[in-house]
2 protein chains.
Amino acid sequence: MTQAERRHQTRQALLEAARSRMDAGESFDSLSLRSVARAAGVVPAAFYRHFASMDELGLALVDESFLSLRSMLRRAREDGLPPEHIVHRSVEILVEHVLAHRQHFAFVAGARSSGNGVLRHAIRNEIRLFTSELATDLARFPILREWTTEDLQMLAGLLVNSMIAIIEAILELPTSGPAGDPRPEALKEFVRLAEKQLRLPLLGVPSWRSIGVKETPAG
Amino acid sequence: MTQAERRHQTRQALLEAARSRMDAGESFDSLSLRSVARAAGVVPAAFYRHFASMDELGLALVDESFLSLRSMLRRAREDGLPPEHIVHRSVEILVEHVLAHRQHFAFVAGARSSGNGVLRHAIRNEIRLFTSELATDLARFPILREWTTEDLQMLAGLLVNSMIAIIEAILELPTSGPAGDPRPEALKEFVRLAEKQLRLPLLGVPSWRSIGVKETPAG
DNA sequence: CGACATAGTGTACAATTGTTCACTAATTCG
DNA sequence: CGAATTAGTGAACAATTGTACACTATGTCG
């Protein structure tokens with residue numbers, strides 16, 4: 001095996017160790033450098049060949065996770081957009097994606113409120129960016145043509161907040177085994193709820209009037 | 001000083017130590033029994049005179065926090081309900097209350113996704129209970145008379161999710177000093193956003209039709 | 001081949017942790 | 001008063017932690 005391959009392999013083992021322990025319910029702060037190295041089958045000192053600290057390991061996981069999340073957004077965008085089934089389809093994709101990349105979302109959900117300030121800020125920025133992207137996507141819908149940028153950001157923020165809540169709920173859904181998916185019936189039930197929670201605010205869109213905001217011609 | 005007073009005092013010192021360290025950004029998992037005792041000005045062994053473990057200390061903080069939160073709900077309910085200003089007033093009360101009880105909310109926000117399963121579940125249950133109470137409150141509004149119980153729970157869940165997001169955002173608002181409130185202007189700005197995010201879903205209420213649910217006469 | 005680079009090893013060290021145990025000092029109460 | 005209860009002390013323990021350093025083995029490449 002080539003040297004680069006070995007290197008990449010243990011690096012992945014370290015990331016995997018951290019990811020899977022967080023998926024098992026531990027917080028990022030409770031992960032010690034030593035325990036991660038141990039779980040990766042490597043001696044503590046070897047950890048430093050790949051990351052200068054646990055912070056760096058965490059940031060690498062943030063990158064991984066949001067890369068995966070972006071691939072989801074792309075998929076949803078390219079999926080063709082039947083105008084009325086868009087919410088249903090989006091929730092379907094979301095649930096599917098979260099279950100398929102469970103560890104990534106479990107990591108982000110856990111590290112988002114961790115004691116590690118570096119990670120918290122990194123994740124907060126990624127979410128902000130993600131929200132802005134969603135806002136520009138929303139701007140393309142005819143119904144939202146006349147909305148101010150501020151209101152679009154508000155709507156995107158609202159949807160992202162719901163998305164986060166939904167994701168956290170998915171991760172907490174009872175599973176058959178420690179490594180299994182939730183029961184399909186419970187999942188269907190949950191999807192219905194999530195759909196409703198996303199649909200209700202959208203029903204408010206047609207009657208929305210930007211209130212308390214003076215719309216100036218150029219910013 | 002009476003013995004009971006002394007006891008109560010160091011107990012409070014222990015709770016305060018944990019609370020304030022979490023408000024400063026540390027996670028519950030990173031609080032060691034020793035460090036909490038140290039911050040409370042007490043020797044580690046003395047900790048055990050009050051709590052059998054950090055878990056118990058955490059549960060006591062959960063009680064404290066949700067007691068405070070309930071007092072907020074009561075206040076909002078008794079505040080008299082001018083039907084159109086209700087959202088505005090609720091947000092005002094919420095912001096005021098979070099700033100006044102910052103430590104409690106910081107604790108809950110942090111422990112909600114901590115690695116400590118006991119705390120996570122305790123908090124999740126409290127939030128569920130809180131959501132149900134809100135749902136029965138909502139049921140009293142004439143516009144929601146015909147809504148199914150399920151849809152009311154859905155709406156309450158949606159509002160609670162937004163509330164949680166708003167609370168977390170308040171806690172992250174930049175403050176002047178380490179112990180100061182956010183700048184009033186930034187706060188006003190933020191309140192406007194929060195109001196909008198709560199108002200939009202409510203605008204959807206009149207056009208809501210329970211979809212995909214067969215309403216059976218008795219459950 | 002042979003010198004070099006480097007991923008991973010093994011050992012060591014000081015710090016901090018949770019828990020225990022015998023203790024002291026002070027309040028409570030018969 | 002005087003005995004009993006009890007909040008808090010101080011020392012001790014085994015375990016675990018992050019980091020450092022000299023090392024070995026094994027691919028890389030001139």
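Here is the naming used below: chain letters follow the sequence lines, and residue numbers restart at 1 for every chain.
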Would you mind classifying the nucleic acid contact of [X] as base, sugar-phosphate or nothing, using non-hydrogen atoms under 4.0 angstrom?
X	result
A/Val43	base
A/Ser53	nothing
B/Arg7	sugar-phosphate

Out of D/dG18, C/dG18, D/dG8, whichever nucleotide has its closest atom nearest the side chain of B/Val42 = D/dG8

Compare the minimum distances between each of C/dT20, C/dG8, D/dT19 and the side chain of A/Tyr48, then state the nucleotide with the smallest one.
-> D/dT19

Side chains of [X] and [Y]: do they bring a donor and an acceptor to under 3.5 Å?
X	Y	value
A/Asn116	A/Asp55	yes
A/Gln153	A/Ser132	yes
B/Ser27	A/Asp29	yes
B/Ser65	B/Arg19	no

Between [atom2] of [N] and [atom1] of [X], the distance in whole Å:
X	N	atom1	atom2	result
A/Leu14	C/dG8	CG	C1'	11 Å
A/Leu33	D/dG18	CG	P	5 Å
B/Phe47	C/dC21	CZ	C1'	19 Å
B/Arg34	D/dA15	CZ	C1'	12 Å
B/Met54	C/dG18	CE	P	8 Å
B/Leu31	C/dG18	CG	P	10 Å
A/Asp55	D/dT19	CG	P	10 Å
A/Leu57	D/dT19	CG	P	13 Å

Does [X] place a side-chain N or O at less than 4.0 Å from the phosphate oxygens OP1/OP2 of [N]?
X	N	result
A/His8	C/dA7	no
A/Thr10	C/dG8	yes
B/Arg38	C/dG18	no

Where protein sits on nucleotides 21-30 of chain D, one letter per nucleotide: B base, S sugar-phosphate only, - none, heavy atoms under 4.0 Å = B-----SS--

Hey, does B/Trp147 have a side-chain heavy atom less than 4.5 Å from the side chain of B/Val205?
-> yes

Within a strict 4.5 Å, meaning less than it, do heavy atoms of the B/Val108 and B/Val62 side chains meet?
-> no

Are the side chain of B/His97 and the backbone of B/Ile93 linked by a donor-acceptor contact shorter than 3.5 Å?
-> no

5' precedence on DNA chain C between B/Ser35 and A/Pro44 (nearest-nucleotide basis) = A/Pro44

Starting at the 5' end of DNA chain C and moving along, which residue's nearest nucleotide shows up first, A/Gln9 or B/Ser32?
-> A/Gln9

Under-4.0 Å salt bridge between A/Arg192 and B/Glu150 | yes

Interatomic spacing from CG in B/Leu73 to CG in B/Leu134 - rounded to 0.5 Å | 7.0 Å

Sub-4.0 Å heavy-atom contacts from residues 116-123 of chain B onto DNA chain C, ordered by number | none

Would you please test A/Glu172 and B/Arg120 for salt bridge (charged side-chain N to carboxylate O under 4.0 Å, His left out) and show each step?
-> CA-CA 11 Å; A/Glu172 281 170 356; B/Arg120 274 207 318 267; 5.4 Å; no

